[in-house]
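Ligands are counted one by one from 1 in listed order, and the atoms in each one are counted from 1 as well.
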Amino acid sequence: MPIQRVGVVGAGTMGNGIAHVFARSGFNVTLCDVEQRFLDRGLDAISKNLEREASKGKITADDKAASLKRITAVTDRSKLAACDFVVEAATEKLEIKTEIFRDLDKVCRPEVVLSSNTSSISITKLAALTKRPDKVIGMHFFNPVPVMKLVEVIRGLATSQETFQTVRDLALKLEKTPIEVNDAPGFVSNRVLMPLLNEAMYTVMEGVATPEAVDEVFKLGMAHPMGPLTLADFIGLDVCLDIMRILQDGLGDPKYRPCPLLIKMVDAGWLGKKSGRGFYKYSQ
Ligand SMILES: NC(=O)c1ccc[n+]([C@@H]2O[C@H](COP(=O)([O-])OP(=O)(O)OC[C@H]3O[C@@H](n4cnc5c(N)ncnc54)[C@H](O)[C@@H]3O)[C@@H](O)[C@H]2O)c1
């Protein structure tokens with residue numbers, strides 16, 4: 001079945017980036033969120049990001065206009081019935097994704113592949129909510145989606161080879177690099193990245209170094225574009241804590257114990273850049 005129309009559920013940071021790259025690559029996109037204001041915010045972000053690409057000469061002004069025209073924004077999820085492929089990029093809460101996957105299974109044609117951009121929820125669990133577990137898969141994009149090359153493609157226990165191939169081919173059409181990973185807590189990206197950020201937080205908590213010094217070590221010594229504490233602030237300290245807890249629960253190894261300083265900062269409402277304060281202060 002040729003994929004012409006792609007459904008994207010959730011128009012937030014990731015959903016609008018995913019809609020952007022599909023539309024830019026010539027796919028029609030149905031972008032779905034729970035309220036019109038979230039769709040308006042998402043469309044506004046897409047427009048600004050396409051404009052930035054046009055100003056850098058990556059696309060033409062006509063490409064921008066054509067990409068925007070290919071996106072239809074809806075609050076009525078039944079409109080996703082017309083889609084040939086769906087990426088779910090809604091809020092990272094199991095109960096939200098459970099409701100969405102059960103409903104998508106009813107709304108979408110039986111042959112349609114349902115993918116999730118989840119950072120940490122089990123693909124096998126999401127697949128088991130549907131009558132098509134062989135057609136459920138992880139398609140994990142990275143932020144900012146129009147820029148980052150990687151797509152982690154996560155096979156659930158029941159994901160078929162055909163489904164894997166469909167997502168791999170789609171990622172290549174988006175000019176991304178798909179990397180195959182099996183379903184496990186944190187997949188590869190967060191399983192390796194989050195303990196690094198967590199350990200950096202321990203060094204600050206134990207007075208080994210200041211946040212600035214830790215970040216400089218990684219920038220200058222390991223050629224990381226930003227240090228681990230800046231990155232944690234950008235990701236959101238609440239998101240980092242949630243993922244550490246998923247690693248701790250799912251893998252059961254004490255090495256995944258969230259740093260007590262991280263827990264304390266989240267309790268204080270210091271969530272990083274989005275709240276104006278994390279390891280650093282940000283003007284809002
Ligand atoms: N932010 C990142 O860096 C990043 C990176 C990779 C993966 N992810 C994953 O992507 C997903 C989305 O994250 P985000 O950062 O874009 O979150 P976000 O908070 O920016 O956006 C989530 C959007 O989902 C919408 N939503 C909530 N419930 C919905 C429903 N029932 N139907 C439709 N839309 C609904 C919200 O209104 C919101 O617009 C999560 O699963 C997250 O783990 C995030």
Checklist line | Minimum non-hydrogen distance to atom 4 (C) of ligand 1, winning option of Glu95, Glu152, Met14 | finding: Met14
Next item on the list: Nearest heavy atom to atom 38 (C) of ligand 1 wins, so pick from Asp33, Thr13, Asn16.
Entry: Asp33
Note to self: Heavy atoms only, cut-off 4.0 Å: how does Glu35 contact ligand 1, side chain, backbone, both, or neither?
What the structure shows: neither
Item checked: atom 19 (O) of ligand 1 - nearest protein heavy atom and its distance -> Thr91 OG1, 4.7 Å
Next item on the list: Name all residues meeting the ring pair (Phe, Tyr, Trp, His ring centres under 6.0 Å) criterion together with Phe218; count only those two or more places apart in sequence or in a different chain, and write none if there are none.
Entry: His224
Notebook entry, point to check: Between Arg5 and Thr30, is any side-chain donor less than 3.5 angstrom from a side-chain acceptor?
Noted result: yes
Note to self: Going by side chain to side chain contact (heavy atoms under 4.5 Å, CB included), Val21 matches just one of Val145, Val147, Val151. Which one?
What the structure shows: Val145
Check: Does ligand 1 have an atom under 4.0 Å from some heavy atom of Lys97?
Finding: yes
Checklist line | Asp84 side-chain N/O to Gln4 backbone N/O, donor-acceptor pair under 3.5 Å | finding: yes
Item checked: Proximal ligand 1 atoms for Thr118, defined as those under 4.0 Å from one of its heavy atoms -> 41 (O)
Note to self: Tell me whether Lys93 is salt-bridged to Glu95, with the criterion being a basic N under 4.0 Å from an acidic carboxylate O.
What the structure shows: no
Next item on the list: Could you name the option among Gly236, Gly12, Ala90, Cys32 that has the heavy atom nearest to atom 11 (C) of ligand 1?
Entry: Ala90
Margin query: Residue-level breakdown please: for Asn117 versus ligand 1, do any non-hydrogen atoms fall below 4.0 Å on the side chain, on the backbone, on both, or on neither?
Written below: both
Note to self: Residue-level breakdown please: for Ile121 versus ligand 1, do any non-hydrogen atoms fall below 4.0 Å on the side chain, on the backbone, on both, or on neither?
What the structure shows: neither
Next item on the list: With heavy atoms of Ile100 as the reference, note each atom of ligand 1 found under 4.0 Å away.
Entry: 30 (C), 31 (N), 32 (N)
Item checked: Selection from Glu88, His140, Arg77 by shortest heavy-atom distance to atom 31 (N) of ligand 1 -> Arg77
Notebook entry, point to check: Just checking, any donor-acceptor pair under 3.5 angstrom between side chains of Ser78 and Asp76?
Noted result: yes
Check: How far is atom 8 (N) of ligand 1 from its nearest protein heavy atom, and which residue and atom name does that atom have?
Finding: Ser119 OG, 3.2 Å
Check: Taking NZ, NE, NH1 and NH2 as the nitrogens, is one of them in Asp105 or Arg132 under 4.0 Å from a carboxylate oxygen of the other?
Finding: yes
Notebook entry, point to check: How does Ile96 reach ligand 1, if at all, at less than 4.0 Å between non-hydrogen atoms: by side chain, backbone, both, or neither?
Noted result: side chain
Item checked: Where ligand 1 meets Glu92 - atom numbers and elements under 4.0 angstrom, heavy-atom basis -> 40 (C), 41 (O), 42 (C), 43 (O)
Notebook entry, point to check: So Glu53 and Asp63, side chain to side chain contact (heavy atoms under 4.5 Å, CB included) or not? Walk me through it.
Noted result: CA-CA 10 Å; Glu53 290 178 331; Asp63 292 335; over 6 Å; no
Note to self: Under 4.0 Å from a heavy atom of Phe38: which atoms of ligand 1 are those, numbered in the order shown and with their elements?
What the structure shows: 37 (O)
Note to self: Looking only at protein heavy atoms, which one is nearest to atom 33 (C) of ligand 1, and what is the separation?
What the structure shows: Val9 CG1, 3.5 Å
Next item on the list: Could you tell me whether Glu111 and Lys135 make a salt bridge, using a distance below 4.0 angstrom between a side-chain N and a carboxylate O?
Entry: no
Check: Which residue supplies the protein heavy atom nearest to atom 3 (O) of ligand 1, what is that atom called, and how far is it?
Finding: Asn143 CB, 3.4 Å
Check: Are there protein heavy-atom neighbours of atom 21 (O) of ligand 1 below 4.0 Å?
Finding: yes
Note to self: Can you list everything that forms a ring pair (Phe, Tyr, Trp, His ring centres under 6.0 Å) with Phe27? Sequence neighbours excluded, please.
What the structure shows: Phe22
Next item on the list: Please confirm whether the backbone N or O of Lys273 pairs with a side-chain atom of Asp233, one donor and one acceptor, at under 3.5 Å?
Entry: no
Notebook entry, point to check: Does the distance from a Lys or Arg side-chain N to an Asp or Glu carboxylate O, for Glu216 and Lys219, drop under 4.0 Å?
Noted result: yes
Note to self: Checking contacts here: is it the side chain or the backbone of Phe142 that comes within 4.0 Å of ligand 1, counting heavy atoms only? Could be both or neither.
What the structure shows: neither
